Protein chains: 2
Amino acid sequence: MDVPTLCLAALSRGPATGYGIRKAFEDGPFAHFHEASFGSIYPALRRLEETGAVTATEEPQDRRPDRRIYALTDDGRRRLVRALRQPPRADVLRSDALVILFFAHLVPPDEAVEVLDGYIACHRRLIAQLDRKEDARDCGTPGQRFVHGLGVAVYEAAARYLENHRGEFVDQLSSDPSKRG
Amino acid sequence: MDVPTLCLAALSRGPATGYGIRKAFEDGPFAHFHEASFGSIYPALRRLEETGAVTATEEPQDRRPDRRIYALTDDGRRRLVRALRQPPRADVLRSDALVILFFAHLVPPDEAVEVLDGYIACHRRLIAQLDRKEDARDCGTPGQRFVHGLGVAVYEAAARYLENHRGEFVDQLSSDPSKRG
DNA sequence: GATCGCATATGACGATCCGGAATATGTCGG
DNA sequence: CCGACATATTCCGGATCGTCATATGCGATC
């Protein structure tokens, strides 16, 4: 799923600025299953505008850079639907924390535990964040509710596993800092 | 976690070729928490060799391109440990399937269901793949076993959620193909 | 009341990374 | 016998990331 398509998808929920789209992928409703950075969103929006998939309304703000408010055109909506109907590629996860945990035997045990505890805290924080969003569950689409529920289920399972196996893992690490037992 | 570090991590388990490292990220032990492609692995190995983090043993195979077998040096191992001790960045998930499911109201209901069923099948396949690897659980490090267990727990939770909420989701989709109820 | 950091908002840039094509050949199954 | 697949590497264009620069208001802290 390329960045232009992701932008079209974000705009299908209403007009927005590049900054707002970025935020939707950082904090907002898409936060948990895709990401995109400024450096790819802004060029994508420009190209989308040039090819007629979106329109840009330049709103000159006093003493601020002009806000460019993008909105989907009919053609853009058709393009979005076409992209959404392509067979999806496999999921990709990138987790520095899991790499560190996998190779925990190479770092000082207390640092590995620190990473693990941070990872647990991060999961608990994400669950709390999702719970807060659940207040607005009435206005969402079926898809949004479904994906939201999946997010909660997955993060809960991960947090529970991490907490339940923490002690065992710590024991194994400290019983064998660098030499084999 | 950049590709050079990932290569060093893979080589910490023993010498390997670029192709073998790629496979370890596709099928092998790292398959579920990071990825790297040829186009980034080979240049990374070259740079690593130039800077003394790995050595390359060129093995001229008859009638085949020379295999370059890379092995970690002491300096490379130190570099790996240094990288592993950096604070990890937040996890990133990229899921086309979840984007499609989120925007399921924009595509024909039967196609959305097809994507969902494919997604469920994919999860069940991954769980089976992890179960098969579990046979070799005796020789792994504590970190490897811990991460493996987490993977099983998370995929199981996801598969269960998807299966348990499939009916409800399909009902909601078909009761409202494009007009609001 | 001054300064620091944060949020809004966009643009530009180098470095990195991806994905696929090209190359070469052995093996296994139909 | 031929196609498909696995091994193994290289190259390249384009997509993408991350960060810095720009501009300014607003709240918190000292």
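Predicted model only: the values in this text are computed from it and were never measured. Chain letters run A, B, ... following the sequence lines, proteins first and then strands; every chain starts at 1.
Rounded to whole Å, atom P of C/dG11 lies 15 Å from atom OH of A/Y19. One can place CG of A/L48 at 13 Å from P of D/dA15, the figure rounded to the nearest angstrom. Here C/dC18 presents its C1' atom at 15 Å from CZ of B/F25, a figure rounded to the nearest Å. As a whole-Å value, the separation of B/I21 CD1 from D/dT7 C1' is 15 Å. Taking atom CD1 of residue A/I69 and atom C1' of nucleotide C/dT10, one finds them 13 Å apart after rounding to whole Å. Atom pair A/D2:CG and D/dT16:C1' shows a separation of 11 Å (rounding to whole Å applied). Atoms NZ (B/K23) and C1' (D/dT7) sit 9 Å apart, rounded to a whole Å.
The listed nucleotides are C/dG19, D/dT16, D/dT7; the one nearest the side chain of A/V3 is D/dT16. For B/R67, taking side-chain heavy atoms from C-beta onward, the closest of the listed nucleotides C/dT10, C/dC18, D/dA8 is D/dA8. The listed nucleotides are D/dC17, D/dT7, C/dC17; the one nearest the side chain of B/S40 is C/dC17. Looking at the side chain of B/R89, the nearest of the listed nucleotides D/dG18, D/dT9, C/dA9 is D/dG18. Of the candidates C/dG11, D/dT9, C/dG19, C/dG11 carries the atom nearest the A/R46 side chain, counting heavy atoms from C-beta on. For B/R94, counting side-chain heavy atoms from C-beta on, the closest listed nucleotide (D/dC17, C/dC17, D/dT10) is D/dC17. Closest to the side chain of A/F38, out of C/dT8, D/dT10, D/dT19, is D/dT19.
Mapping A/R22 and A/R47 onto DNA chain D via the closest heavy atom, the residue that lands nearer the 5' end is A/R47. Along DNA chain C, the nucleotide nearest B/E35 and the nucleotide nearest A/G39 are compared for position; the residue whose nucleotide lies closer to the 5' end is A/G39. Sequence order on DNA chain D of the closest nucleotides to B/Y70 and A/M1 puts B/Y70 first from the 5' end.
Of the side-chain N and O atoms in A/T17, none sit less than 4.0 angstrom from OP1 or OP2 of C/dT8. The side chain of A/Y42 places no N or O atom within less than 4.0 Å of a non-bridging phosphate oxygen (OP1 or OP2) of C/dG11.
The pair B/E168-A/R145 fails the salt-bridge criterion, with no side-chain N (NZ, NE, NH1 or NH2) lying under 4.0 Å from an Asp/Glu carboxylate O. A salt bridge links B/D75 with B/R79: the distance from a Lys NZ or Arg NE/NH1/NH2 to an Asp or Glu carboxylate oxygen falls below 4.0 Å. One finds no salt bridge joining A/E35 and B/R94 here, because no Lys/Arg side-chain nitrogen approaches an Asp/Glu carboxylate oxygen to under 4.0 Å.
Checked by atom type and distance alone, the side chain of A/T51 pairs as donor or acceptor with a backbone atom of A/R47 at under 3.5 Å.
Using cut-offs of 30° and 60° for the angle between ring planes, the A/H165 and B/F146 rings count as perpendicular.
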